[in-house]
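Working notes for the structure below.
Per chain, numbering begins at 1; letters A, B, ... match sequence-line order.
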There are 2 protein chains.
Amino acid sequence: MNRAVTLSEVAREAGVSPSTVSRILNGTARVNDAKARQVRLAIEKLGYTPNTFARSLATGTSGSIGVLTPDIASPFYNDALSGIERGLMGSGYSPIIISGHWRTDEEEHAVALLLNRRVEGMIILGGQLPDHDLHALAARLPVGVLGRAIDLGAHGGVSLAMDNRQSARDLVNYLIGRGHRVIGHISGPPDHADARQRLDGYRDALQERGLRFDPALVVQGDFQESSGLIGMQRLLQGHSDMTAVFVANDQMAYGARLALYRLGLRVPEDMSLVGFDDLPGSSYTMPPLTSVRQPMAEMGQWLARYVLSRLRGEEIEPFEPRQELMLRESVASRRGR
Amino acid sequence: MNRAVTLSEVAREAGVSPSTVSRILNGTARVNDAKARQVRLAIEKLGYTPNTFARSLATGTSGSIGVLTPDIASPFYNDALSGIERGLMGSGYSPIIISGHWRTDEEEHAVALLLNRRVEGMIILGGQLPDHDLHALAARLPVGVLGRAIDLGAHGGVSLAMDNRQSARDLVNYLIGRGHRVIGHISGPPDHADARQRLDGYRDALQERGLRFDPALVVQGDFQESSGLIGMQRLLQGHSDMTAVFVANDQMAYGARLALYRLGLRVPEDMSLVGFDDLPGSSYTMPPLTSVRQPMAEMGQWLARYVLSRLRGEEIEPFEPRQELMLRESVASRRGR
DNA sequence: CTGTTAGCGCATTCAA
DNA sequence: TTGAATGCGCTAACAG
């Protein structure tokens, strides 16, 4: 970039002192109208752009909030990003988004980068960061975490965790209530806390209703569509009595759905299907998919507000994210049979 | 944030001068091993984090590339974001992503913000920015644009535009080739260049094959699922001879698909359906949706490399994005009828 | 209301 | 190999 115009150049052009220009720029003090006009003209003429670095260095504030997301292209976390943007809007703070690609080392690197950029607060979406990293972070600045059960209260940090286990349990209970007795499960990767909790919830529900937990009814996926397809194929082998499948996320449920279609099995008449996460597309699958919805956007927005409130020393009303069973058309009743 | 540790404090702690610490940090010069160890120890002990602002101010470089996306939660553009991340990886540059929410004023504001942050290059995804803004930008720094046909060659900028019109034409031609004669279209918002071009392509194909363009066969949507559903319902009224519909994007095609399902119409037996964009989910719809794929991730990656090459004064091999018809199972042949 | 002065934290001369 | 001095562009006292 060709050397950028500086504030002093503007000052010289307008025939005033640098501080005057600064004051006009920031509205820090009343300034003679005529001079103000001169300055605006000079700014226009020279194409002046204030240098954030210099300003931040001088003020000691960056006006930015770091956001760490595991994947910039994840339909799941992106709703939260939208929420964060909304929450920050008009606050004078802007988000700096970095993705950690589900890798601890990259995430730690990303956090370091954000710290270098002197973000004043941080929002962490899911991810693999060890708890002690999060604690260390919360001790330095306001931190909001989404999707992990961790107690940051000691430092005043906050975590919005969804109760995956309870929701999975509700979902499977719903299936049982509709008369299903042999229920398969396509699980997520076992190194993923959410996946483990959803599996636990599945097991809880079975146990609670006196149904046997059969490991053969559980196949492992990786949260991607293709693994749902394969998982369903495997479940179908040798489980002719299975009437419903709880898939650990919607993406895999889409794959499972396709596997059934390929085999000429109807949903929900021949097989009931439930997912998890309620992706935007899940209202438009065929049939619309029963799933559990986490208010990602609202959570993101609240977290942004939380960090802002901490920064301003204000109080903020607590937020209880409610997970919601989205009952749609992918589950049939087995009562009559 | 509690006052951060500075380089001088590290220097004092280690008993050396600030310049020495700086040299160790940047590997600018050989330094006595013993001192280097001292310094590393001090950095560790104090929890020192270099201040990006100060460094950028001193060096006059920011090490960041601005990325403007119309929507942080768009499944379409996010693939490009992933590609950009990949393209920048290991280059020493990192992306700063801002979204403009499809609004010209917000986009201009975002660009200003990026300029303030002294990004060294910029990548613009789609959006509503007027051409002259883009030209002005390209005159200042390396710029890569995705999804808009604009000639930035004068300044050395580049634009990777997809030929929406040609692809739409190919798609509709394909339908005609499969024996369809009455083909509906659910279009995108008319203020959206992509939408207009896709409509044009639809018209081109009909004309080319001697079919009449019937305005009643075109209904307007807004690129969202729900408008596809409504659009399909409206198309179905009074067009009993329609056998195929070209939907201007996949999201709307999902909605259209659901409308058909609700009415008990089968795809593709009763109605053929084609979309546009080939979202990740489109391989898993029921049936898998025929669509046209733009290599968004590859384009994003190449654009990142392009900007880097400009920054380094290197040459880069040109990139011809190829759009690809993804022929899947949502189209039936009408030949025999 | 306005100009002058003194840093903010760092990289980079220039000497030693 | 190392330290001292200087300046990047801006804001914030401090005087006037």
**Item:** Check: A:H101/A:E107 side-chain N/O donor and acceptor closer than 3.5 Å
**Value:** no
**Prompt:** B:K35 side chain N/O closer than 4.0 Å to the phosphate oxygens (OP1, OP2) of D:dT1?
**Reply:** no
**Nucleotide of C:dG9, D:dC10, C:dA11 approaching B:N51 most closely (side-chain heavy atoms)** = C:dG9
**Request:** Take the protein atom CG of A:L25 and the nucleotide atom P of D:dG9, then report the distance between them rounded to whole Å.
**Result:** 15 Å
**Item:** OP1 or OP2 of C:dC10 under 4.0 Å from side-chain N/O of B:S22
**Value:** no
**Complete:** To the nearest angstrom, the CZ-C1' distance between A:R12 and C:dT4 comes to 16 Å
**Side chain of B:A54 (C-beta onward), nearest among C:dT2, D:dC10, C:dC10** = C:dC10
**Asked** Can you check the B:L57 CG to D:dC10 C1' distance for me, whole Å?
**Response** 8 Å
**Item:** Closest listed nucleotide, where the reference is the side chain of B:R55 and the choices are D:dG3, C:dA11, C:dG9
**Value:** C:dA11
**Prompt:** Quick one: which of D:dT2, D:dT1, C:dT4 gets closest to the side chain of B:T20?
**Reply:** D:dT2
**Message:** Taking side chain to side chain contact (heavy atoms under 4.5 Å, CB included) as the criterion, tell me which of B:L141, B:L311, B:V307 meets it with B:E120.
**Reply:** B:L311
**Fill in**
Judged by nearest nucleotide, the residue sitting upstream toward the 5' end of DNA chain D, B:A58 or B:V31, is B:V31
**Prompt:** Considering only side-chain heavy atoms of A:S19, which listed nucleotide, C:dT4, C:dA11, D:dG9, is closest?
**Reply:** C:dT4
**Prompt:** Tell me: CG of A:D33 to P of C:dT2, nearest whole Å?
**Reply:** 9 Å
**Message:** Does C:dG3 have OP1 or OP2 under 4.0 Å away from a side-chain N or O of A:S17?
**Reply:** yes
**Flag if over 12 foreign heavy atoms under 6.0 Å of CD, B:E44** = no
**Message:** Looking at B:E314, I want to see if its CD is surrounded by more than 12 non-hydrogen atoms of other residues, nucleotides or ligands under 6.0 Å.
**Reply:** yes
**Item:** Nearest-Å distance for atom pair CD/C1', residues A:Q38 and C:dC1
**Value:** 16 Å
**Between A:S17 and A:R12: side-chain donor-acceptor atoms closer than 3.5 Å** = no
**Request:** Starting from C1' on C:dG9, measure out to CZ on A:R117 and report it in whole angstrom.
**Result:** 16 Å
**Message:** Using a 4.0 Å heavy-atom cut-off, does A:P50 contact any base of the nucleic acid, only the sugar-phosphate backbone, or nothing at all?
**Reply:** sugar-phosphate
**Item:** Residue whose closest nucleotide on DNA chain C lies nearer the 5' end, B:T49 versus B:R23
**Value:** B:T49
**Request:** Can you figure out which of C:dT12, C:dG7, C:dC1 approaches the side chain of A:N32 most closely?
**Result:** C:dC1
**Request:** Could you tell me the separation between the CZ atom of A:R118 and the P atom of D:dC10, rounded to a whole number of Å?
**Result:** 20 Å
**Message:** If you only use heavy atoms from C-beta on, which nucleotide in C:dA11, C:dG3, D:dG9 is closest to the side chain of B:L7?
**Reply:** C:dA11
**Message:** I need the CD1-P distance between A:I24 and D:dA12, as an integer number of Å.
**Reply:** 15 Å
**Message:** Does A:R30, at its CZ atom, have more than 12 non-hydrogen atoms belonging to other residues, nucleotides or ligands within less than 6.0 Å?
**Reply:** no
